[in-house]
Enquirer: 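Below you will find the structure I want to go over with you.
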Amino acid sequence: MFADQRNKNNPTPMYQRIYAIVRQIPAGKVATYGQIARIVPGCDARMVGYAMAALRDTNEDEAVPWQRVINSQGKISLTGEGYALQRQLLEQEGILFSEKGVVDFNEFGWLGMD
DNA sequence: CGGCTGACTCTGG
DNA sequence: TCCAGAGCCAGCC
């Protein structure tokens with residue numbers, strides 16, 4: 001299974017593994033960096049963030065719903081224009097933000113954050 | 001092969 | 001509530 005792929009013989013680039021997970025997040029739901037990190041063995045929250053950052057240099061941004069990945073506080077980690085763009089994309093999917101810009105995981109969390 | 005960079009999370013003061 | 005430090009790794013010069 002996946003756990004074995006963390007070996008040197010793993011032909012799959014880690015970023016691609018991360019993107020694969022992100023692509024599984026359905027519209028209208030969000031997941032945290034840490035959550036995704038736990039799904040991908042040998043990967044941590046930072047790695048996920050780095051993978052997302054790397055996305056902007058590729059043309060995969062259309063295939064990977066990067067906007068559905070937010071931080072553990074339920075907030076968008078980007079600032080400035082990036083923030084506005086991500087928030088807009090999420091709102092278009094029906095995700096609601098509190099006045100402080102926080103998403104309710106209980107309602108929109110992908111894995112059902114109970 | 002060395003150095004630099006980057007969208008996190010948790011803990012403690 | 002705010003801030004600093006540690007943990008930790010793939011890409012791209």
Side-chain angles (χ1 to χ4, degrees):
Chain A
M1 290 290 278
F2 287 125
D4 297 307
Q5 291 185 27
R6 131 166 159 33
N7 283 312
K8 33 166 176 100
N9 288 334
N10 177 9
T12 309
M14 185 168 312
Y15 278 21
Q16 181 131 25
R17 294 257 341 273
I18 294 172
Y19 300 151
I21 300 299
V22 175
R23 274 193 276 262
Q24 290 174 48
I25 305 174
K29 295 289 181 180
V30 296
T32 70
Y33 296 94
Q35 199 117 71
I36 291 169
R38 284 194 290 269
I39 295 174
V40 181
C43 174
D44 65 11
R46 249 171 146 185
M47 205 45 279
V48 177
Y50 301 157
M52 294 300 100
L55 259 186
R56 74 184 185 74
D57 291 322
T58 77
N59 60 342
E60 292 188 274
D61 52 0
E62 293 181 50
V64 180
W66 55 269
Q67 72 270 21
R68 296 181 195 140
V69 182
I70 60 181
N71 65 33
S72 65
Q73 298 175 69
K75 295 197 282 195
I76 289 170
S77 287
L78 292 175
T79 58
E81 295 178 33
Y83 177 90
L85 172 61
Q86 185 169 6
R87 175 161 176 164
Q88 183 181 311
L89 288 171
L90 291 177
E91 289 180 325
Q92 282 174 17
E93 298 183 353
I95 292 173
L96 303 177
F97 288 77
S98 73
E99 282 183 34
K100 290 173 182 167
V102 176
V103 174
D104 181 358
F105 284 120
N106 196 46
E107 186 171 4
F108 302 108
W110 177 34
L111 303 178
M113 287 277 285
D114 265 76

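Note that the coordinates shown come from a computational prediction; the quantities given were computed from them, not determined experimentally.
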Enquirer: Once salt bridge (Lys or Arg N to Asp or Glu O under 4.0 Å) is applied, what residue pairs with a partner in residues 92-106 of chain A remain, sequence neighbours excluded?
Expert: R68(A)-E93(A)
Enquirer: Could you measure the distance from the CG atom of L111(A) to the CD1 atom of I25(A)? Nearest 0.5 Å is fine.
Expert: 8.0 Å
Enquirer: Round to a whole Å and report the spacing from CG of D44(A) to C1' of dA7(B).
Expert: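 Taking CG of D44(A) and C1' of dA7(B), I get 14 Å after rounding.
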Enquirer: Considering residues at least two apart in sequence or located in another chain, which fulfil the side-chain contact (heavy atoms from CB on, under 4.5 Å) criterion with A84(A)?
Expert: none
Enquirer: Of all nucleotides in DNA chain C with an atom under 4.0 Å from a non-hydrogen atom of chain A, which is the first and which the last going 5' to 3'?
Expert: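 Using the under 4.0 Å cut-off, the span is dG7(C) to dG11(C).
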Enquirer: Pair up each side-chain donor or acceptor in residues 42-52 of chain A with any protein partner under 3.5 Å, not counting sequence neighbours, and list the distances.
Expert:
unit_1: D44(A); atom_1: OD1; unit_2: R46(A); atom_2: N; d: 3.2
unit_1: D44(A); atom_1: OD1; unit_2: M47(A); atom_2: N; d: 2.9
unit_1: R46(A); atom_1: NE; unit_2: Y50(A); atom_2: OH; d: 2.8

Enquirer: Side chain to side chain donor-acceptor pair (under 3.5 Å): which pairs involve residues 73-82 of chain A, sequence neighbours left out?
Expert: N71(A)-S77(A)
Enquirer: Which residues satisfy the salt bridge (charged side-chain N to carboxylate O under 4.0 Å, His left out) test with E107(A), sequence neighbours excluded?
Expert: none
Enquirer: When we call it a touch if two heavy atoms are under 4.0 Å apart, what does A53(A) touch: a base, just sugar-phosphate, or nothing?
Expert: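 Base, at least one base atom sits under 4.0 Å.
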Enquirer: Output all residues satisfying side-chain contact (heavy atoms from CB on, under 4.5 Å) with Y83(A), sequence neighbours left out; order by chain, then residue number.
Expert: I76(A), R87(A)
Enquirer: Each nucleotide in nucleotides 8-13 of chain B should get exactly one letter: B, S or -. Can you fill that in based on protein heavy atoms under 4.0 Å?
Expert: BSS---
Enquirer: Once side-chain contact (heavy atoms from CB on, under 4.5 Å) is applied, do any residues pair with L89(A), and if so which ones, sequence neighbours excluded?
Expert: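 For L89(A), the residues satisfying side-chain contact (heavy atoms from CB on, under 4.5 Å) (neighbours in sequence not counted) are W66(A), Q67(A), L85(A), Q92(A).
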Enquirer: For DNA chain C, what string of dots and brackets results from 5' to 3' when Watson-Crick and G-U pairs need both distances under 3.5 Å, crossing pairs get [ ], and pairs with another strand get |?
Expert: .||||||.|||||
Enquirer: Holding to side-chain contact (heavy atoms from CB on, under 4.5 Å), I want the full list of residues that pass it with A54(A), two or more places apart in sequence or in another chain.
Expert: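 Checked A54(A) against side-chain contact (heavy atoms from CB on, under 4.5 Å); matches are Y15(A), Y19(A).
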Enquirer: Roughly how many Å is it from CE in M52(A) to C1' in dT5(B), rounded to a whole number?
Expert: 17 Å
Enquirer: For F97(A) and V103(A), what are the C-alpha separation, side-chain angles and deciding distance, and is it a side-chain contact (heavy atoms from CB on, under 4.5 Å)?
Expert: CA-CA 5 Å; F97(A) 288 77; V103(A) 174; 3.5 Å; yes
